[in-house]
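Below is one structure, written out as structure tokens; the observations come after it.
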Amino acid sequence: GNSVTQMEGPVTLSEEAFLTINCTYTATGYPSLFWYVQYPGEGLQLLLKATKADDKGSNKGFEATYRKETTSFHLEKGSVQVSDSAVYFCALSDRGSQGNLIFGKGTKLSVKP
Amino acid sequence: GAVVSQHPSRVICKSGTSVKIECRSLDFQATTMFWYRQFPKQSLMLMATSNEGSKATYEQGVEKDKFLINHASLTLSTLTVTSAHPEDSSFYICGTNGETSTDTQYFGPGTRLTVL
């Protein structure tokens, strides 16, 4: 079945450091791929998405490129801020199930000043 | 994006009681809503898919008689945890696809349930 594998955290970085959170997926067909962010005590917010191969999603300085050849959707940011501290979830849409999302386990990011 | 609200945001109840959680789509009509559960430091796990006007579809291992879902209108779905036990303590989140997209989900802020 479809699945998402994310690098395990926690990840601790200093402010202005470069961030990469790896995400790979297994899917039949051509799913859409997503990154969601969950700030402490809150629900999930869509961070960015890509719907087909080679698409690049971007938002708030974060980027991820849909790589079909490596089945990956790694999240990157050139310079993180303390306010980026959160849990990040990679997900894919399981189109065979009315649009249900399949999530990775999440990666907790802590950014220190 | 679509706006989804959940109520209550936090609830504490005694073991054996029932708790109802509401999920509302505020600016669009949601034919389908998804209910997820998130245990501490774990990912979201889909519990059930709620369809307006019909019975919900439950994932394997989720007791439909314990987690009652009602989706009586296009803007409201409810999850009732019946005869709650401490092991039901979790963070419950609803999600729905916006009107203009069939694959992007928008989530409510979640409900923290604590069963004593």
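This one's a predicted model, so the numbers in the text were calculated from it and none came from an experiment. In the text below, chain A, chain B and the rest are named by the order of the sequence lines, each starting its count at 1.
Contact annotation for L44(B): both backbone and side-chain heavy atoms come within less than 4.5 Å of a heavy atom of chain A. Looking at Q38(B), the atoms closer than 4.5 Å to chain A (heavy atoms on both sides) all sit in the side chain, from C-beta outward.
In this structure, F91(B) CZ and L44(A) CG are separated by 8.5 Å, a value rounded to the nearest 0.5 Å.
Under the 4.5 Å side-chain contact rule for hydrophobic residues, V62(B) and V81(B) share a cluster. Hydrophobic clustering keeps V4(B) apart from L79(B) (ILVMFWY residues linked when any side-chain heavy atoms are closer than 4.5 Å, directly or through intermediates).
Environment of NE2 in H7(B): sparse, with no more than 12 heavy atoms of neighbouring residues, nucleotides or ligands closer than 6.0 Å. Heavy-atom neighbours of M45(B) CE from other residues, nucleotides or ligands within 6.0 Å: at or below the threshold of 12. Heavy atoms of other residues, nucleotides or ligands lying less than 6.0 angstrom from NZ of K66(B) number more than 12. Few gaps surround CD on E42(A); more than 12 heavy atoms of other groups in view lie less than 6.0 Å from it. Counting heavy-atom neighbours within 6.0 Å of E15(A) CD, excluding the residue itself, gives a total above 12.
No side-chain heavy atom of F34(A) sits under 4.5 Å from any side-chain heavy atom of Q105(B). Side chains of L46(A) and F107(B) form no contact here, defined as non-hydrogen atoms less than 4.5 Å apart.
The two residues I93(B) and Q38(A) make their nearest non-hydrogen contact at CD1-NE2, 4.3 Å. For S43(B) against F103(A), the heavy-atom pair with the smallest separation is OG-CB, 3.1 Å.
Ranked by heavy-atom pairs shorter than 4.5 Å toward chain B, the options G104(A), G106(A), G9(A) are led by G104(A).
Under the 3.5 Å distance criterion, the side-chain polar atoms of Y106(B) are left unmatched by any main-chain donor or acceptor of Q45(A).
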For L101(A) and Y36(B), run side chain to side chain contact (heavy atoms under 4.5 Å, CB included): C-alpha distance rounded to whole Å, both residues' side-chain angles, the deciding distance at 0.1 Å, then the answer.
CA-CA 10 Å; L101(A) 291 179; Y36(B) 296 85; 3.8 Å; yes
